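Proteins come first, then strands; the chains are lettered A, B, ... in the order of their sequence lines, and each starts at number 1. On a predicted model such as this, the values are computed, not experimentally measured, just so you know.
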Protein chains: 2
Amino acid sequence: MTTGAPSTPPTRVTIRDVARAAGVSRQTVTRAINEMPEISEETRARVMRTVEELGYRPNRFAIDLSRQRTHAVGLIVGTFRNPYYAQLADAFVAELRSRDWQVLVSMASQGEADAVRSMASQTDAIIGYFLEPQTNFVPAARGVPIVLLEDQATMPGVHSVELDFRTGISDMVAALRAKGSRRFAMIDASSANPKGTAPGSPRRQFFEAAVGEECIVVTEPESIAGGVDGFRRLLDLDPEIDTVLAFNDLMAMGAVQGAHTLGVDVPGRVRIVGIDGISLGEAISPTLTTLSLETQTVAAQAASILAELFAGEPMPSRSLTRTVTPVPLWRESA
Amino acid sequence: MTTGAPSTPPTRVTIRDVARAAGVSRQTVTRAINEMPEISEETRARVMRTVEELGYRPNRFAIDLSRQRTHAVGLIVGTFRNPYYAQLADAFVAELRSRDWQVLVSMASQGEADAVRSMASQTDAIIGYFLEPQTNFVPAARGVPIVLLEDQATMPGVHSVELDFRTGISDMVAALRAKGSRRFAMIDASSANPKGTAPGSPRRQFFEAAVGEECIVVTEPESIAGGVDGFRRLLDLDPEIDTVLAFNDLMAMGAVQGAHTLGVDVPGRVRIVGIDGISLGEAISPTLTTLSLETQTVAAQAASILAELFAGEPMPSRSLTRTVTPVPLWRESA
DNA sequence: ATATGCTCCGTGACCGGTCACGTAAGCCTA
DNA sequence: TAGGCTTACGTGACCGGTCACGGAGCATAT
């Protein structure tokens, strides 16, 4: 005998069980639970008591199936090991939860198209920070709207919250100039531009445009170690540099550490600036000056796009766009 | 007229549409899609082609509803702003996604019971790191199993992945002694023990037990600033201390920063050790020595509990427990 | 007395899949 | 050529909710 005696089948408590126990119909139970009208207070109380006694809890799948709505959005980022993404996720969860949406998270480690595909089958929308070209992963969504972070939407059904790096970086550079910066340099991220052979990341391009003159740039892996190495290389290439912008805070923190081990004073001898605005930037000495990407605002804007998307019945065919301008966050390193 | 002309209703492509278009029955479509037997290769190909043409994608909710299983677990943490939680989430998403489970995340900012309640209605299980006493939030789960992180399960239906701080901390202290540490001190977290008036966090208790003799402890808020202040206070209280353990890496990084601004050499004059093992510990100078909480292992163990929970039909009534032993991660600060 | 209105509650169909069956066609054997 | 077996496919019920109805019961108006 392979299977033992029929042990208690773990049958779920359904709305019918509650209805039977309370001596009412299913619909009445629904009315009680969902606080709908057309039910007497007395009956509602009795039903709710039964619900409590039986430990009934509604099945989300049945609800979504019959209501034809999911109220879940998927968030896809590269990794939470970069605190910026984590902070972004934090802001999203807070923002969306306050609007009574659920957030499913996934990481694109095994390919962005895969992540999108698996999200698309269970969410109403996908928010994400992607590296691959849009044509790679957008079709995988099969019609589920996508909100791109920090990138520009170029396909139908794709929306975006863009970052105005042009303004942000140029403001930052101007302020640095006012503080005395003359020779600028940058540590760019090699992973930031897998899309083609363009001259570096957009951040780099806007930086070069803002600086106006020649400025040296090195490219390193997007990590703390990359920042350490990048700073060293930069100083080798030109010992006269007095200001270094890093692709992100992680790399900037590496740069600060590199400066420390080289005995280079920050910000006395060299100013170091990051991009992101992670709170961890306060954990180092000197604390990190950075171009804050305003995760709260980005999250709120993305949420407002979602709200607009699902408000009108006829799904807007036009791409919805919001723009957030990064703001310098002055701490000690610059 | 309030509603305009009936625009194209966004009707979803269902399995019936595919069946009709391919000239077969629903069941045959199912067979084709799910790679079931009892279907000819020819028919399967034709159906799949139709699926492609119509852009059909199966509805996860209908599937889960009829198959009677969910595939979703909820993860609840305090905030992703603490990189440790973010790293934990990262490990979980990776681990659970590889097992084809979906991860819903939520934060307990608006009360742990609330977070649990909203999770419970849509997941098969809840994994979380909680601060309140279990009696506060466990009932809100309404029978959905909970896996506690770092805490001991004391209620039925609650399971746990515990951390053997006794061993981990005592190993760490022993190793520090071998390196010459004599006067130990600790910066505890005030938020870590809201449950009662016990003498500090478990980490502190095991630390005091391991040190064996009197050692001074200050309590600070769980933040970078708390670490800075804590270090300062500690040095005020006893200038002779040579080793400081912080409640977590965030506070330890603050302590390192505090030492830096006070001109105290780390680790030459004072060794500083954190608890968590976040990768950001590498971003500071000196890099942070810490007791690693092994997020990967914790995630894997929690997943194995879930697997066990849902493998056997009769849900085990006993609490399932795994234990992970933290391991010292030697970097530069100690 | 019937008509009208309101409150409260129940019934059947449906959401989009899956499962347990049933059945027709083709092949082989006796 | 009847019987049995296999293969390929279709049908009705069901998962657990929701929605659009319909109807009973009672009070008030006519």
Asker: Taking only residues two or more places apart in sequence, or in another chain, which ones meet Leu65(A) in a side-chain contact (heavy atoms from CB on, under 4.5 Å)?
Answerer: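 Here the qualifying residues are Asn59(B), Ala62(B), Leu65(B).
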Asker: Suppose we screen for side-chain hydrogen bond (donor to acceptor under 3.5 Å, both in side chains). Which residues come up paired with Arg97(B), at least two apart in sequence or across chains?
Answerer: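 Partners of Arg97(B) by the side-chain hydrogen bond (donor to acceptor under 3.5 Å, both in side chains) criterion, ordered by chain and then number, come out as Ser106(A), Ser118(A).
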Asker: Distance check needed: dT18(D) P versus Ile39(A) CD1, whole Å only.
Answerer: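 Taking CD1 of Ile39(A) and P of dT18(D), I get 13 Å after rounding.
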Asker: So that I can tick it off, tell me whether Asp64(B) and Arg67(B) are bridged by a salt bridge, with the cut-off set at under 4.0 angstrom between side-chain N and carboxylate O.
Answerer: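 So Arg67(B) does not pair with Asp64(B) through a salt bridge.
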Asker: Would you mind reading off the distance between Glu35(A) atom CD and dT18(D) atom C1', rounded to a whole angstrom?
Answerer: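 Result: 17 Å.
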Asker: Which atom names give the shortest non-hydrogen contact between Ala153(B) and Val158(B), and what distance separates them?
Answerer: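 Smallest heavy-atom distance, with atoms named: CB-O, 3.2 Å.
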Asker: Only distances under 3.5 Å count here; give the side-chain donor-acceptor pairs of residues 33-40 of chain B to other protein atoms, sequence neighbours excluded, each with its distance to 0.1 Å.
Answerer:
{"unit_1": "Ser40(B)", "atom_1": "OG", "unit_2": "Thr43(B)", "atom_2": "N", "d": "3.2"}
{"unit_1": "Ser40(B)", "atom_1": "OG", "unit_2": "Thr43(B)", "atom_2": "OG1", "d": "2.7"}

Asker: My understanding is that only residues two or more places apart in sequence, or in another chain, count here; which of them pass salt bridge (Lys or Arg N to Asp or Glu O under 4.0 Å) with Glu95(A)?
Answerer: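 For Glu95(A) the salt bridge (Lys or Arg N to Asp or Glu O under 4.0 Å) partners, ignoring immediate neighbours, are Arg99(A).
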Asker: Among residues at least two apart in sequence or on other chains, which ones pass salt bridge (Lys or Arg N to Asp or Glu O under 4.0 Å) with Arg46(B)?
Answerer: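 So Arg46(B) forms no salt bridge (Lys or Arg N to Asp or Glu O under 4.0 Å) with any residue.
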Asker: Using five pairs at each end of the helix from dA1(C)-dT30(D) to dA30(C)-dT1(D) to define an axis, what is the angle between those two axes, to 10°?
Answerer: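 Computed from the C1' atoms at both ends, the axes differ by 70°.
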Asker: So does Ser25(A) get a side-chain nitrogen or oxygen closer than 4.0 Å to the phosphate oxygens (OP1/OP2) of dC9(C)?
Answerer: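 No, Ser25(A) has no side-chain N/O under 4.0 Å of OP1/OP2 on dC9(C).
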Asker: Please identify each residue that fulfils side-chain contact (heavy atoms from CB on, under 4.5 Å) with Thr297(B), with sequence neighbours left out.
Answerer: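 Once residues adjacent in sequence are excluded, the partners of Thr297(B) under the side-chain contact (heavy atoms from CB on, under 4.5 Å) criterion are Glu294(B), Gln301(B), Val324(B).
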Asker: Measure from the side-chain heavy atoms of Gln27(A) and tell me the nearest of dT11(C), dG10(D), dC8(C).
Answerer: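 Of dT11(C), dG10(D), dC8(C), dT11(C) is nearest to the side chain of Gln27(A).
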Asker: If I take atom CD in residue Glu38(A) and atom P in nucleotide dG25(D), what distance separates them, rounded to the nearest angstrom?
Answerer: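 The answer, rounded to whole Å, is 18 Å.
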Asker: Partners of Ser304(A) by side-chain hydrogen bond (donor to acceptor under 3.5 Å, both in side chains), sequence neighbours excluded?
Answerer: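 Testing Ser304(A) for side-chain hydrogen bond (donor to acceptor under 3.5 Å, both in side chains), a comparison that skips the adjacent residues, returns Arg322(A).
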Asker: Taking only residues two or more places apart in sequence or in another chain, which ones pass salt bridge (Lys or Arg N to Asp or Glu O under 4.0 Å) with Glu52(B)?
Answerer: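 Scan of Glu52(B) (salt bridge (Lys or Arg N to Asp or Glu O under 4.0 Å), adjacent residues dropped) gives Arg142(A).
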Asker: In residues 41-48 of chain A, which residues come under 4.0 Å of DNA chain C by heavy atom?
Answerer: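 The answer is Thr43(A).
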Asker: Restricting to nitrogen or oxygen on both sides, can you table the protein-nucleotides 14-17 of chain D pairs closer than 3.5 Å?
Answerer:
{"unit_1": "dC15(D)", "atom_1": "O3'", "unit_2": "Gln68(B)", "atom_2": "OE1", "d": "3.2"}
{"unit_1": "dC15(D)", "atom_1": "O3'", "unit_2": "Gln68(B)", "atom_2": "NE2", "d": "3.0"}
{"unit_1": "dG16(D)", "atom_1": "OP1", "unit_2": "Gln68(B)", "atom_2": "NE2", "d": "3.0"}
{"unit_1": "dG16(D)", "atom_1": "N7", "unit_2": "Arg16(A)", "atom_2": "NH2", "d": "3.2"}
{"unit_1": "dG17(D)", "atom_1": "OP1", "unit_2": "Tyr56(A)", "atom_2": "OH", "d": "3.3"}
{"unit_1": "dG17(D)", "atom_1": "OP1", "unit_2": "Asn59(A)", "atom_2": "N", "d": "3.4"}
{"unit_1": "dG17(D)", "atom_1": "OP2", "unit_2": "Ile15(A)", "atom_2": "N", "d": "2.7"}
{"unit_1": "dG17(D)", "atom_1": "O5'", "unit_2": "Tyr56(A)", "atom_2": "OH", "d": "2.9"}
{"unit_1": "dG17(D)", "atom_1": "N7", "unit_2": "Arg16(A)", "atom_2": "NH2", "d": "2.9"}

Asker: Applying salt bridge (charged side-chain N to carboxylate O under 4.0 Å, His left out), which residue pairs with at least one partner in residues 71-86 of chain B are found, sequence neighbours left out?
Answerer: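 For residues 71-86 of chain B: Asp90(A)-Arg81(B).
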